[in-house]
Amino acid sequence: MSAAFRAPKGTFDLLPPESELWLHVREVMAAPLRRAGYGYVETPVFEETALFERGVGESTDVVTKEMYSFVTRGDDHVTLRPEGTAGVVRATVQHRLHAGQLPVKLWYAGSFFRYERPQAGRYRHFSQVGAEALGVDDPALDAEIVSLAVHAYADLGLRQVQLMLNSLGDAVCRPVYREQLQAFLRALDLDEETRRRVEINPLRVLDDKRPEVQAQVSGAPVVGEFLCDACRDHYDAVRRHLGDLGVQWVEAPRLVRGLDYYTRTTFEFTHDGLGAQSAVGGGGRYDGLSEDVGGPPMPGVGWALGVDRTVLAMRAEGVRWAAASRCDVFAVPLGDEAKSRLLVLVDDLRRQGVAADLAFGDRGLKGAMKAADRSGARLALVVGDRDLEAGAAQLKDLVTGDQVQVPLDAIVTTIKERLT
RNA sequence: GUGGGUGUAGCUCAGCAGGUAGAGCACCGGGUUGUGGUCCCGGGUGUCGCGGGUUCAAGUCCCGUCACUCACCCCA
């Protein structure tokens, strides 16, 4: 209770056995990506601050008040990554991956950081799995990447994830919409902070959850009505492909996202069981991002799925998942001589692919057997002085309770047979 | 940054007219010095978040503070 140190605010320690679920979620999210030709990429956990300022956008809340930024001993201005796309785009440009075959398909998993007030499903340190497809603006690629996320959620056993879909237009049509929206919003009765947002980032106002704001905003123009022909064609194609893929979605004409780089296709995966934070994942197309951060023209589309929130969603749905048994054989030594022998035997078993553990710490037989039981092992191997003299071990099936004596030199093969 | 709720054992929580800190689960040991699960017995593992105040006496009442938590803002 009065521990000297605690995990910092907004962070948490992941401990066994629960931590297995996080590994499981990451694996299941990554599996469809790997099958679809996405390559694993790791980029630094921190980047130059300017990358995020220019990539994510100076007007976003993420950049203005949520970044973990600091100056290093060498006077470098760096920031713990608040999201993954900017870093991946930076790496793609730096290493000229787009000079090769397109699209460049990449996936990643890791930690991200935002200095926010924590609440259910929102942490200062959080975990995401992300995917990006760069260098091609084919609407079929938008559809592919969305469907890969849909598969990931389905493979995890989630049934209540909803896909919200919208198109935000591009550099041609969005400014027109933005002006119209601002004109509408300026006429409303809003608090000072929201008025400021109207000038800086008007699309975000549509996302305000406060009822008094929602009521006023309900008649606002929607971006869909302002799409230029190219954006409309692109969006129509995305929806057609998604339909072909059997993906279900909800049209969300007022869906906007908190990062400035999104263009055209924009989507969010939502779930009702998380409290106030309903988004379990999200993404979209970002055709201008590369140029924003000083790179060549390079369209892209991607998403990030929140690992922590996905776990919350699984709990909310009561999804059951089978944790792999941690132990097949549990060895119980009686005496020092037996312990020396079993330590080596357990090592042998492990090298041959058998999950094995040993009762450490001079526990009594009863306690050691209890530990064997708790380990989940199917077999217990009991060896004492009596057995050593006989050159044998007692092999007990912990499910049936049957016990047989096995010669020590046959023990590994016998165990391997019994476990198959 | 703003607002609400909660702080007692590892976990979930009880203790509320102010009077020697409790239960269940978990954990450890024993019953059975060579055998687990069920059963029985034993063991409390604690700065009652912290500081101050009222009182003969504070887990309990008052003030402050910190932490956690939920919600707004925002987002994964």
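So that the names make sense, note that chain A is the first sequence line, chain B the second, and so on, each numbered from 1.
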Is there a side chain to side chain contact (heavy atoms under 4.5 Å, CB included) between A:E251 and A:M164 once you walk through the steps? CA-CA 6 Å; A:E251 288 287 335; A:M164 315 294 286; over 6 Å; no

Take A:L134 and A:L106 through the test side chain to side chain contact (heavy atoms under 4.5 Å, CB included) and record every step on the way to the result. CA-CA 8 Å; A:L134 301 139; A:L106 301 169; 4.2 Å; yes

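In this entry the distance linking CG of A:D402 with C1' of B:U35 reads 14 Å, nearest Å. Rounded to whole Å, the distance from OH on A:Y115 to P on B:G1 is 6 Å. Protein atom CG of A:D208 is 14 Å distant from nucleotide atom C1' of B:U2, rounded to whole Å. Atom P of nucleotide B:C72 and atom CD of A:Q214 are separated by 12 Å, given to the nearest angstrom. A:E18 has its CD atom 19 Å from the P atom of B:G10, to the nearest Å. What separates CG of A:L388 from P of B:G34 is a distance of 14 Å, to the nearest Å. A:R197 places its CZ atom 11 Å from the C1' atom of B:C72, with the value rounded to the nearest Å. As rounded to whole Å, 16 Å separates atom P of B:G10 from atom CG of A:D13.
Between the side chain of A:D373 and the base of B:G36, at least one donor-acceptor pair of N or O atoms lies under 3.5 Å. Side-chain to base pairing of A:Q403 with B:U35: one donor and one acceptor N or O lie within less than 3.5 Å of each other. Not a single donor-acceptor pair, N or O on each side, falls under 3.5 Å between the base of B:G29 and the side chain of A:K366.
Taking a 6.0 Å sphere around CG of A:D362, one finds it holds 12 or fewer heavy atoms contributed by other residues, nucleotides or ligands. Within 6.0 Å of CG on A:D272 lie no more than 12 heavy atoms contributed by other residues, nucleotides or ligands. Crowding of A:Y68 atom OH: a count of heavy atoms from other residues, nucleotides or ligands under 6.0 Å exceeding 12.
Among the atoms of the strands shown, base atoms are found under 4.0 Å from some heavy atom of A:R114. When heavy atoms are screened at a 4.0 angstrom cut-off, A:E66 is found touching the sugar-phosphate backbone but no base atom. Note on A:G281: only backbone sugar-phosphate atoms sit closer than 4.0 angstrom, heavy atoms only; bases stay farther off. Residue contacts for A:A372: at a heavy-atom cut-off of 4.0 Å it reaches no nucleic acid atom on any strand shown. Residue-level contact check: A:Y123 touches the bases, meaning some heavy atom is under 4.0 Å from a base atom. A:G121 comes within 4.0 angstrom of a nucleotide base, judged by non-hydrogen atoms across all strands. Here A:V399 lies in heavy-atom contact (under 4.0 Å) with a base.
Figure legend: cation-pi geometry between A:R285 and A:Y262 absent, as NZ or CZ is not positioned both under 6.0 Å from the six-membered ring centre and within 45° of its axis.
Regarding contacts with the backbone of B:C72, a side-chain N or O of A:Q119 is found under 4.0 angstrom from either OP1 or OP2. Proximity of A:K9 to the phosphate of B:C68: a side-chain N or O atom is located under 4.0 Å from OP1 or OP2.
Comparing A:A371 and A:D207, the nucleotide of RNA chain B nearest to each residue sits closer to the 5' end for A:A371. Comparing A:D362 and A:D397 by the nucleotide of RNA chain B whose heavy atom lies nearest to each, the residue mapping closer to the 5' end is A:D362.
Using a distance-only test at 3.5 Å, with no hydrogens or angles considered, no donor-acceptor pair links the side chain of A:R186 to the main chain of A:E199. Proximity of a side-chain donor or acceptor of A:K105 to a complementary backbone N or O of A:A36 within less than 3.5 Å is detected. Looking at A:D208, its side chain never comes within 3.5 Å of a backbone N or O of A:V213 through a donor-acceptor pair.
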Distances under 3.5 Å only, N/O to N/O: pair up the protein atoms with those of nucleotides 24-28 of chain B.
{"unit_1": "B:C27", "atom_1": "OP1", "unit_2": "A:R374", "atom_2": "NH1", "d": "2.6"}
{"unit_1": "B:C27", "atom_1": "OP2", "unit_2": "A:R374", "atom_2": "NH1", "d": "3.4"}
{"unit_1": "B:C28", "atom_1": "OP1", "unit_2": "A:R363", "atom_2": "NH2", "d": "3.2"}

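Comparing the C1' positions of B:U32 and B:C68 gives a spacing of 46 Å, expressed to the nearest Å. Separating the P atom of B:C56 from that of B:C41 is a span of 45 Å, rounded to the nearest Å. The same atom, C1', is picked in B:G15 and in B:G24; the two are 15 Å apart, to the nearest Å. One C1' atom belongs to B:A57, the other to B:A17, and the distance between them is 15 Å to the nearest Å. Going from the C1' atom of B:G22 to that of B:G59 covers 12 Å, rounded to whole Å. With both ends at atom C1', the span from B:C16 to B:U60 equals 7 Å, rounded to whole Å. When the C1' atom is compared between B:U38 and B:U20, the two are found 37 Å apart, to the nearest whole Å. B:G19 and B:C13: their P atoms are spaced 24 Å apart (whole Å).
A side-chain hydrogen bond (donor to acceptor under 3.5 Å, both in side chains) with A:D142 is found for one member of A:H234, A:R264, A:H241 and no other, namely A:H234. When each of A:H271, A:Q162, A:E268 is paired with A:V280, the side-chain contact (heavy atoms from CB on, under 4.5 Å) condition holds for A:H271 and for no other.
Across B:U35, B:C70, B:C74, the shortest atom-to-atom separation from the side chain of A:E116 is found for B:C74. Each of B:U69, B:A76, B:C74 was ranked by its minimum atom distance to the side chain of A:R117; first place goes to B:U69. Among the nucleotides B:G36, B:A71, B:C74, the one closest to any side-chain atom of A:D61 is B:C74. In the set B:C74, B:C70, B:A76, the nucleotide with an atom closest to the side chain of A:L259 is B:A76.
You cannot call A:F112 stacked on the base of B:A76; the centres under 5.5 Å and planes under 30° rule is not satisfied.
For A:A359 against A:K339, the heavy-atom pair with the smallest separation is O-CE, 4.3 Å.
Between A:F12 and A:Y123, the ring center distance clears the sub-6.0 Å criterion.
Counting only Watson-Crick and G-U wobble pairs whose two key distances fall under 3.5 Å, RNA chain B forms stems of three or more stacked pairs at B:1-7 with B:66-72, B:10-13 with B:22-25, B:27-31 with B:39-43, B:49-53 with B:61-65.
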